[in-house]
Amino acid sequence: MTEPRILTVRPEPDQYAWTFGGAAPLARIAPGTVLDLYTEDCFAGRVRSEKDLVSEVCEFPYLNPQTGPFHIEGAEPGDTVAVHFVSIEPARDWAASTTVPLFGALTSTHTTAALQPPLPERVWIWQLDRARRTALFQARDSDFRAELPLDPMHGTVGVAPANLEVRSALVPDAHGGNMDTPEMRAGVTCYLGVNVEGALLSLGDGHARQGEGETCGVAVECAMNTVVVVDLLKGVTTPWPRLESDTHIISTGSARPLEDAFRISQLDLVQWLVRDYGFSELDAYQFATQAVESPLANVCDTNYTCVAKLRKEWLPARETYRAVHARLRETARALRG
């Protein structure tokens, strides 16, 4: 087996991308390259204590810095980029979460306006025990403390959008972006449809953990040391971001209102079953209806994101995405020694 090329990237503060599309490539890579990356948290590392309010230490729209983009050699519209997450590890012993005025699922927002004052800004600093794999919650208004298990993930993974668009790194859509699904963890392969030459892959927005829905709009935000393997599937289309784990196939949909995000994810899963697993459309519709799991990803971003996932053990023994997930899992095992 040929040793994969490993590219280590630790961006300087002025090297982060803040959009998908419209940013010059940070590097050019060949398919099969292993990227050893540092990603900064969504606040660019500026929220470091309970006194650091987002409105005072961050400058909108410069939130959610992305490491990248990476130009993937040979990638063209109609292809699919496969991103396999080998490892996602917090880079610091602390993480931050906040409330942000006019942002989140349980408050008035700019688009869901109401005659009431915004929620106050509040910061929670979570202490991370990377050896014990825990994140410590400390209540601000009582002495309640609780240790929750670490479940590191990336909220934002994507490529440049189609149609010459430039999208904020805060927005999820068909190109990927800020989907905020806890499914984007180590051991998973993410499939992204290519829209422009080179694809222009970026990722960031590490979360030490996040509940489904990201209700207040902010997870346990932390910098990450992340290793991914990037591959290219020529002539394979992916209309919406998809994920594959050892146990599930997973479709995503991002839109507003929430029911449209739900419909997109469910339809994409049905179409995946038809294309790769031999179902007719109506059989796929019926089977998915009775077997699907539908966790929420986020209900707070510019677009909401829903997930539709199916257990692979319940599916016909067919190959999907040219079995790239299994192949990249072997690469990951070799990298871990």
Partner of R256 under side-chain hydrogen bond (donor to acceptor under 3.5 Å, both in side chains), chosen from T111, T302, N303: T111
I need the full list of salt bridge (Lys or Arg N to Asp or Glu O under 4.0 Å) pairs touching [range], with sequence neighbours left out, sorted by first then second residue.
range            : answer
residues 192-215 : none
residues 221-246 : E76-K234, D79-K234, D231-R327, R242-D268, E244-K312, D246-R329
residues 6-20    : R10-D36
residues 41-69   : D41-R92, E50-R140

Minimum heavy-atom distance between [X] and [Y], given as atom pair plus value:
X    : Y    : answer
L192 : G176 : CD2-CA, 4.2 Å
L269 : A308 : CD2-CB, 3.9 Å
A24  : P69  : O-CD, 3.4 Å
A291 : L310 : CB-CD2, 3.3 Å
P241 : A174 : CD-O, 3.4 Å
V159 : A199 : CB-O, 3.3 Å

Counting only heavy atoms from other residues, nucleotides and ligands, does the tally under 6.0 Å from OH of Y62 exceed 12? no
Check whether more than 12 heavy atoms from other residues, nucleotides or ligands sit under 6.0 Å from atom CZ of R145, and answer yes or no. no
Judged by modelled atom types alone, do [X] and [Y] share a side-chain donor-acceptor pair under 3.5 Å?
X    : Y    : answer
T67  : T39  : no
T331 : H84  : no
H175 : E165 : no

Residues passing the salt bridge (Lys or Arg N to Asp or Glu O under 4.0 Å) test with E121, sequence neighbours excluded, are none
Quick one: list whatever passes salt bridge (Lys or Arg N to Asp or Glu O under 4.0 Å) with R132, sequence neighbours left out. D129, E147
Partners passing side chain to side chain contact (heavy atoms under 4.5 Å, CB included) against [X] (at least two apart in sequence or in another chain):
X    : result
S87  : V227
F262 : Q266, S294, C306
F60  : L63, L170
V188 : R185, L243, S245

Pair N178-T156, side-chain hydrogen bond (donor to acceptor under 3.5 Å, both in side chains): steps then yes or no: CA-CA 4 Å; N178 194 31; T156 307; 2.8 Å; yes
Using a 3.5 Å distance criterion without hydrogens, assess whether the side chain of T99 forms a donor-acceptor pair with backbone atoms of P120. yes
Would you say T107's side chain and G104's backbone share a donor-acceptor pair under 3.5 angstrom? no
Joining Ile, Leu, Val, Met, Phe, Trp and Tyr whenever any side-chain heavy atoms lie under 4.5 Å apart, the cluster holding L200 also takes in V196
Paired with W272, the ring-ring contact (aromatic ring centres under 6.0 Å, His included) test is passed by just one of F287, Y321, F279, namely Y321
F70 versus V81: any side-chain heavy-atom pair under 4.5 Å? no
Any pair counted as side chain to side chain donor-acceptor pair (under 3.5 Å), so long as it reaches residues 15-29, sequence neighbours left out: R28-H71
